[in-house]
Amino acid sequence: MSSSLSKIPPGVQYIFDSEVRVRRHIEREVMTVLDGWSYSEIILPVFDYADLFVLGMGKEQAEMTYRFTGRDGSLLALRPEMTSLVARTVATRFRGDPRPIRLSYSGEVFRWDEPRGGRQYEFHQIGFEHIGSDRLEADTEALVIATEILRRLGVEGFTITLGHVDFFKGIAERLDLDQDGSREMRNIVDRKDAAGLDVFLSGRADETTRAALCKLVTLAGGREILREARSLVENQRSAAALDDLENVYRIAEEIGIDEHIDLDLGDVAALDYYTGLTFKIYSSGLGAALGRGGRYDQLLAKFGNSEPAVGFSLCLDWLAQLLSNRLADRLAARDYEAVRLTDGSDIVRTFKEAALLRSQGRKVEIAR
Amino acid sequence: MLVTLAIAKGRLQTEALELCERAGIAVSKDHLESRRLMIEDESGRYSFLFVKPSDVPIYVEYGVADAGICGRDVLIETAADVHEPLDLGFGRCKLVVAGKPESAERGYNPLVTARVATKYPRTSTDYFQRRGVPIELIVLSGSVELAPVLGLSDHIVDLVETGRTLRENGLVVVDTISESTARLIVNRASYHLKRARIAELIESLRKAL
């Protein structure tokens, strides 16, 4: 066999046996929860115009897509995420429908991103979008649903981190940074590199701001950090962000899910995309986030219908990795009734017998 | 709850362990002298892994270790997606472009491909490409200084602590790419899942600096 036939390309997966059963089980469970919260599933195309994803994700992120030309010469791309596809659909086909619109999806996405930290070029996302509401209820709903999914799946010791992009933006906009400057600062904050931030800010901010910022990037924890943060920032945008966080945290306490929530004021990943609250899910046994989401009130406007939205997605591959040991046994392919086909036996009789068992809802395996 | 620390073997190891000891995380001598690659501290609250410097970010990024100590040079080269909350200050050195004195005077001609021998392919490529210089990489895993001496490459990109190796091989620094010190790095999930323990670790190391 030539090597290109025996070799598989890096970053792709062939999945079989118990792992398929584990993944299908998880997918079913998640979709059942979403259905239970009135989310209607949407099946999306595997490829679309490359421009759509540039518009949705930004140029830099969209560079990670697999692109190819269509028969009419247009540039197409394998979907690197689902939200842009959902947003465009809602802004066009569902424009006249009553709000909010609740949609769920499940499927593979494709990104050219160096396979590392366990990531592949192809992975399976399950998620939901809640479009048309800028209210606290929508944010809370996302959080409550995520918690129900993880509890139902039996994910142990998970934490949902809660951040807010306006907290950082409120501070950064007073520093008067150019695009490169803000990007650099965001990278530093994203790494929680307080020393690096101090160096970066020298000459760019006064002593008080500098000290406050260096303290802020490392603020994470329970409700108490909000008080600390309030004493360090004065601008309105950041203060409003803290109000949002406080409100959501208070509700989480009231409904008893606060044990899973960790506030993280230094979460600045995907700052261009999100506009309000952001979430990430971590679980022991995995080094990376197994799900993320947040409020994105500016995306729909790019598709011609400005309206608020909040969404969440989980990585099925991570969930399967986390749960496969525990689920594989339970989902083993047992309970087959072997209908034996011995030498010289009657094929008609064998299949009649098998069909009878099948009509009783039992599993059969025709054995020799 | 056990917190696992990955420590870069070699150059940074002794100072990293001394710092840990000042911070109240002590490893017994017997344990250190053994050849085991994974040992616990005396309190039983921390576990240490001793791995190659360039592997520290990998262990931490995957979450096999909750935190680690390694040089910033390695962090930049591996581009690991981890938190970097503390500059530990020791292990100070520079990542430089070096070459024979005549090539240093000439600089690199941006129209001609620079042949660069290095252990840092990502950092080197990034440095030369940003300056519009085409680069031909020669990735070596040791004794990089030999390359320009023998004419294998025009330049090297390597870590310099005192500059002695460069001098003794007749090479000079052409440009400094970045300064490096030892850093404490933390896995993104552990940062939240073991928040109290990680916060305690950061705080006690900071005080011991």
Side-chain angles (χ1 to χ4, degrees), chain A residues 113-119 155-163 180 187-200 214-215 217-222 224-225 259-269 279-292 315 318 321-322, chain B residues 1-4 6 54-68 72 75-90 92 121-122 130 178-203 205-206 209:
Chain A
D113 190 5
E114 212 177 318
R116 56 179 299 157
R119 287 196 298 268
V155 174
E156 281 161 15
F158 65 88
T159 291
I160 304 179
T161 67
L162 202 57
D180 283 348
N187 281 340
I188 296 171
V189 172
D190 183 50
R191 302 169 72 83
K192 301 202 187 297
D193 179 3
L197 186 62
D198 194 46
V199 173
F200 175 82
C214 292
K215 179 94 191 111
V217 300
T218 58
L219 269 188
E224 70 285 352
I225 68 155
E259 55 169 323
H260 293 297
I261 293 177
D262 201 36
L263 297 165
D264 182 5
L265 296 179
D267 179 13
V268 292
F279 323 97
K280 277 185 191 155
I281 301 173
Y282 291 104
S283 163
S284 43
L286 268 188
L290 64 90
R292 60 187 65 204
C315 177
W318 287 135
Q321 187 185 322
L322 200 61
Chain B
M1 195 187 286
L2 195 66
V3 169
T4 304
S54 56
D55 293 345
V56 171
I58 299 172
Y59 281 83
V60 176
E61 185 175 16
Y62 275 77
V64 180
D66 298 305
R72 182 159 165 75
L75 278 180
I76 295 172
E77 179 59 29
T78 55
D81 190 21
V82 294
H83 288 318
E84 201 186 311
L86 219 50
D87 180 350
L88 303 174
F90 62 84
R92 194 170 290 277
R122 189 197 299 259
R130 272 174 195 279
S178 62
E179 310 250 338
S180 175
T181 45
R183 302 291 166 123
L184 174 75
I185 58 172
V186 176
N187 172 265
R188 285 180 180 267
S190 301
Y191 189 87
H192 294 286
L193 296 168
K194 300 186 177 178
R195 188 167 41 71
R197 287 294 313 275
I198 295 293
E200 178 198 327
L201 172 70
I202 295 173
E203 215 29 57
L205 287 177
R206 191 202 315 275
L209 285 178

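Quick note on labels: first sequence line is chain A, next is B, and so on, each numbered from 1. This structure is a prediction, so every number in the text was calculated from the model and none was measured. Computation of the quantities below employed the complete heavy-atom set of this structure, encompassing side-chain atoms and omitting hydrogens, waters and symmetry-equivalent molecules.
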Let me know if A/T161 has heavy atoms under 4.5 Å from chain B in its side chain, its backbone, both or neither. side chain
Going by heavy atoms in the side chains, are B/H192 and A/L263 under 4.5 Å from each other? no
Could you tell me which portion of B/R195 (side chain, backbone, both or neither) has an atom closer than 4.5 angstrom to a non-hydrogen atom of chain A? side chain
Checking side-chain contact (heavy atoms from CB on, under 4.5 Å) for the pair A/T218/B/Y191: CA distance, chi angles, key distance, verdict? CA-CA 10 Å; A/T218 58; B/Y191 189 87; 4.1 Å; yes
Can you tell me which portion of A/L286 sits under 4.5 Å from chain B's heavy atoms? Options are side chain, backbone, both or neither. backbone
Residue part contacting chain B, namely of A/A289, when any heavy atom lies under 4.5 Å: neither
In Å, rounded to the nearest 0.5 Å, how long is the span from NE2 of B/H83 to CG of A/D193? 11.5 Å
Top residue by heavy-atom pair count (under 4.5 Å) with chain A, among B/V82, B/V186, B/D87? B/V82
If you define the side chain from C-beta out and look only at heavy atoms, does anything of B/N187 sit under 4.5 Å from A/Y282? no
Can you tell me how far apart CG (B/D81) and CZ (A/R191) are? Round to the nearest 0.5 Å. 7.5 Å
Got a second to check how far B/I202's CD1 is from A/K192's NZ, nearest 0.5 Å? 9.5 Å
Most contact-rich option vs chain B, by heavy-atom pairs under 4.5 angstrom, among A/A195, A/G266, A/G221, A/G157, is A/G221
Should A/D264 and B/R188 count as an ion pair when the cut-off is N to O under 4.0 Å? no
